[in-house]
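Because the structure is a prediction, the values reported are computed rather than measured. Residue numbers start from 1 in every chain, and the chains themselves are labelled A, B, ... in the order their sequence lines are given, proteins ahead of strands.
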2 protein chains.
Amino acid sequence: MMLDSETKAVELPDDHADELRLWLRLLTCTNLIEGEVRGRLRERFDVTLPRFDLMAQLDKAPDGMTLSDVSKRMMVSNGNVTGLVERLVESGHLDRRTSETDRRVQVIRLTKSGRAEFRKMAAEHQTWISDMFGDLSPKDVRELMRLLAKTKGSVQKSARRRAGEAR
Amino acid sequence: MMLDSETKAVELPDDHADELRLWLRLLTCTNLIEGEVRGRLRERFDVTLPRFDLMAQLDKAPDGMTLSDVSKRMMVSNGNVTGLVERLVESGHLDRRTSETDRRVQVIRLTKSGRAEFRKMAAEHQTWISDMFGDLSPKDVRELMRLLAKTKGSVQKSARRRAGEAR
DNA sequence: CCGAATTTCTTTAGGCTTCAAGTAATTGGC
DNA sequence: GCCAATTACTTGAAGCCTAAAGAAATTCGG
C-alpha cells in the first residue's frame, strides 16, 4: 500500500473531476493537431504520420539507429517498427543492414533521397505547427512548456508506482 | 534545423523551433497518459481504450446517440464507428435499433449491464487520471486548462484557414 | 410529384498498432 | 566450454483507423 509522505492538509472529498477534464482537453488538443498534421502530410506529400515520425527520428541520427532505439523513441511496439521499416525500405526511403558486431541487430538509416524528401517535408511541417500555435504568445508557449514538463514528470512517477506494484 | 552537411547550418530569422518543441512535448505527454490508461484498462478490465471511450460517450446520453453523433464526438471516421459498435453490440454492452422516423439512422444505447460495467471502470479510471496529475497544484491545473483552451481555439482557427483555402 | 442533392451508414483496401509467442544471437555464471 | 537467461527482432492474430466508394433513405427545388 502506497502512502504519500506529503499529506495534504485537507483534500476535497475525492473530487477528481478537474483532472479528468484536464485530461480530456489535453487529448482533444492533441487529436486536433495530430489530425490536422496527418491530413496535410497526406495531401501535400502522400505520406502517413508514422512514416514521417520514423524518418524524423532517423534524421536526427546520421549514424543510424537500431529498431529497438526507434521503438523506444517513438513509444511504439517492436512489431510495429518491423512493419513500418519494411515498407520504408521497400519504398527506398530507408537503408537497412545487419550490425557487424551483433547479428541480431538491424541498423537503419535514411537513404540520400529519403533524407532529401524528409527535409522538404519537415520544413513545411514546422510552418504548419507554428501556424496552429499562432495565437499563443511567447510567454504562453514558455508556460505551456513548463507545465507540460511538470505533467510528464508526474505521469512518469505514477507509471513507475504502478510498475512497482506489479512485482 | 541542420541543413545538408555540405551547406552551412543556418538559423533562419523566422524561427519556429519553439512551437515545434511544444508540439512534441504535448504529444509525448498525451502518449504517456494514453498508453498508461490503455494498459490499465486492459489489465484491470480487459477492455480497449476505444471501447471505453465509446461507452463514455453513451453514458452521457441516456436517450442514445446516432452513429454520426458518436463519430463527431470521438473525432474518428464513420466506418470506424460502424465496426466498433458492431463488436460492442456483439458483446452485449450496446443496444442498437433503427430510428422510427428516419430509417437511415441507427440509435445506440448502453445496455443495463453495459452501463453498470462502464460505471465501475469509469470510477477507477478517474482515480488513475487524478494520480497521474498528482504533482500538479490546483493552480497548475487551472493554468493548463486555460492554455489548452487557447491552444484549441488557435488550432481550430488554423484548420479553418486551411479548409477555406481548399475551395 | 419527380429527380437531384444530401445525409447516414456500410463496405473495402490498405495501413497502423498491440500483445503474445516464436526464432536467432549474445551474454554471463559455472 | 556449456547452457540458461537475456536481448533483438519477427510473426501472427486481432483489433483499430482512415479514405474513398457505394447503398439506402430523406429532403428539397421546381
Report task. Go through the side-chain N and O atoms of B/Thr66 and B/Asp69 and say whether any donor and acceptor fall under 3.5 Å apart. Result -> yes
Query - Nearest-angstrom distance from the residue atom CG of B/Leu49 to C1' of C/dC16 - result: 16 Å
Report summary line: Nearest-nucleotide check on DNA chain C, A/Val76 vs B/Thr66; residue mapping nearer the 5' end is B/Thr66
Query raised in the report: C/dT17 P sits how many Å from B/Asn80 CG, rounded?
Result: 14 Å
Requested in this report: Specify the separation, in whole Å, of atom CD of A/Glu34 and atom C1' of D/dC16.
Outcome: 14 Å
Report summary line: Of C/dT26, D/dT10, C/dT11, the nucleotide closest to the side chain of A/Asp102 is C/dT26
Requested in this report: For B/Thr82, answer base if it contacts any base atom (sugar-phosphate contacts may also be present), sugar-phosphate if it contacts only those atoms, and nothing otherwise; contact means non-hydrogen atoms under 4.0 Å.
Outcome: base
Query raised in the report: If you measure from CG on A/Asp53 to CG on A/Leu58, what distance do you get to the nearest 0.5 Å?
Result: 11.0 Å
Report task. Answer yes or no: does a side-chain N or O of B/Ser68 lie under 4.0 Å from OP1 or OP2 of C/dC9? Result -> yes
Query raised in the report: Counting any heavy atom closer than 4.0 Å, what does B/Asn78 reach on the DNA or RNA strands: base, sugar-phosphate only, or nothing?
Result: base
Report summary line: Of C/dC9, C/dC16, D/dA25, the nucleotide closest to the side chain of B/Arg103 is D/dA25
Query raised in the report: Atom CD of B/Glu43 to atom P of C/dA20: distance rounded to whole Å?
Result: 10 Å
Query - Whole-Å gap separating C1' (D/dG15) and CZ (B/Arg51) - result: 8 Å
Query raised in the report: With sugar-phosphate meaning primed atoms plus P, OP1 and OP2, does A/Thr48 contact a base, only sugar-phosphate, or nothing at under 4.0 Å between heavy atoms?
Result: sugar-phosphate
Query - Selected nucleotide, minimal atom distance to A/Ser77 side chain, candidates D/dT10, C/dC9, C/dT18 - result: C/dT18
Query raised in the report: Which pair of heavy atoms, one from A/Trp128 and one from A/Val37, lies closest together, and at what distance?
Result: CZ3-O, 4.3 Å
Query raised in the report: Once you round it to whole Å, what is the distance between P of D/dC17 and CD of B/Glu86?
Result: 15 Å
**Report entry** Gap between atoms CG and P, on A/Asp46 and D/dA20 respectively (whole Å)
**Finding:** 10 Å
Requested in this report: Answer yes if the side chains of A/Asn78 and A/Ser71 hold a donor-acceptor pair under 3.5 Å, and no otherwise.
Outcome: yes
Report task. Would you mind reading off the distance between B/Arg97 atom CZ and C/dT8 atom P, rounded to a whole angstrom? Result -> 20 Å
**Report entry** Sub-6.0 Å ring centroid separation between B/Phe45 and B/Phe52
**Finding:** no
Report task. Look at the side chain of B/Arg104 against the base of D/dT26 and say whether a donor-acceptor pair falls under 3.5 Å; ignore hydrogens and angles. Result -> no
Query - Sugar-phosphate only, base, or nothing, as touched by B/Arg38 at under 4.0 Å among non-hydrogen atoms - result: nothing
Requested in this report: Among C/dG15, D/dA20, D/dA25, find the nucleotide with the atom closest to the side chain of A/Arg42.
Outcome: D/dA20
